[in-house]
Amino acid sequence: MRSDGGYEVIKKAIEKLGLRHKEHIAAYGEGNERRLTGRHETADINTFLWGVANRGASIRVGRDTEKAGKGYFEDRRPASNMDPYVVTSMIAETTILWKP
């Protein structure tokens, strides 16, 4: 993702995350239904959206990442009370290992 051409890798990873949205939401901490309302810079809990510099999306890609064609993305769905080991393992498994 951080090498030349990484933006295409990022888009493929985001596509995979979208396919498993409900599974991820179930593991992303308690109370997300109160936080992910679609208002106040969040996407609705039942909707998976991604976008460049879109703070209202589930996954946000920074402008610099798009401009450089490489970089990182931000999953904005996990709650503050999530288990970081569970969330990190799910993201890695979905984006790196999972073959849809």
Side-chain angles (χ1 to χ4, degrees):
M1 292 181 187
R2 294 183 184 233
S3 299
D4 289 340
Y7 192 59
E8 291 304 314
V9 176
I10 289 169
K11 290 194 295 189
K12 287 177 185 170
I14 292 171
E15 183 180 319
K16 288 180 177 182
L17 288 168
L19 294 174
R20 296 182 79 187
H21 176 67
K22 288 183 181 185
E23 293 170 64
H24 281 253
I25 287 293
Y28 276 14
E30 294 180 25
N32 261 345
E33 68 282 351
R34 293 188 308 270
R35 186 177 65 84
L36 300 175
T37 62
R39 293 177 264 145
H40 311 296
E41 296 188 338
T42 66
D44 179 86
I45 194 167
N46 298 307
T47 306
F48 181 84
L49 300 170
W50 77 274
V52 175
N54 183 351
R55 295 183 59 81
S58 309
I59 306 289
R60 186 183 75 80
V61 176
R63 288 190 198 281
D64 291 341
T65 296
E66 181 186 44
K67 183 178 176 183
K70 60 184 175 183
Y72 67 96
F73 64 88
E74 170 187 337
D75 191 339
R76 299 176 48 80
R77 301 171 296 170
S80 61
N81 63 2
M82 57 79 183
D83 181 332
Y85 298 103
V86 170
V87 171
T88 301
S89 68
M90 285 191 79
I91 291 171
E93 195 276 328
T94 298
T95 61
I96 299 167
L97 303 174
W98 186 55
K99 305 289 186 215

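Computed from a predicted structure; not experimentally measured. Heavy atoms only: backbone and side chains are in, while hydrogens, waters and symmetry mates are out.
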Report task. For the residue pair Val87 and Asp75, establish whether any side-chain heavy-atom pair is separated by less than 4.5 Å. Result -> no
Report summary line: In terms of heavy-atom contacts, Thr95 and Lys16 come closest through O-NZ, 3.4 Å
Query raised in the report: What heavy-atom pair brings Val86 and Ala27 nearest, and what distance separates the two atoms?
Result: CG1-CB, 4.0 Å
Query raised in the report: Do His24 and Thr94 get their side chains close enough for a donor-acceptor pair, meaning under 3.5 Å?
Result: yes
Report summary line: From the list Glu41, His40, Glu74, side-chain hydrogen bond (donor to acceptor under 3.5 Å, both in side chains) partner of Arg55 resolves to Glu41
Report summary line: Heavy-atom nearest pair, Arg35 first then Ala79, reads NH2-N, 3.7 Å
Query raised in the report: Considering all heavy atoms of both residues, which atom of Gly71 and which atom of Arg2 are nearest to each other, and what is their separation?
Result: O-CG, 3.2 Å
Query raised in the report: For Glu15, does the CD atom have more than 12 heavy-atom neighbours from other residues, nucleotides or ligands under 6.0 Å away?
Result: no
Query - Non-hydrogen atoms of Tyr28 and Met82 that approach each other most closely - result: O-CB, 3.6 Å
Query raised in the report: Considering all heavy atoms of both residues, which atom of Ala43 and which atom of Leu49 are nearest to each other, and what is their separation?
Result: CB-CD1, 4.4 Å
**Report entry** Pairwise distance CD1(Ile59) to CZ(Arg77) - rounded to 0.5 angstrom
**Finding:** 4.5 Å
Report task. Give a yes or no on whether Asp44 atom CG has more than 12 heavy-atom contacts from other residues, nucleotides or ligands under 6.0 Å away. Result -> yes
Report summary line: Taken to the nearest 0.5 Å, the spacing of Ile14 CD1 from Leu19 CG works out to 12.5 Å
Query raised in the report: Is any NZ, NE, NH1 or NH2 atom of the basic residue among Lys11 and Glu8 found under 4.0 Å from an Asp or Glu carboxylate oxygen of the other?
Result: yes
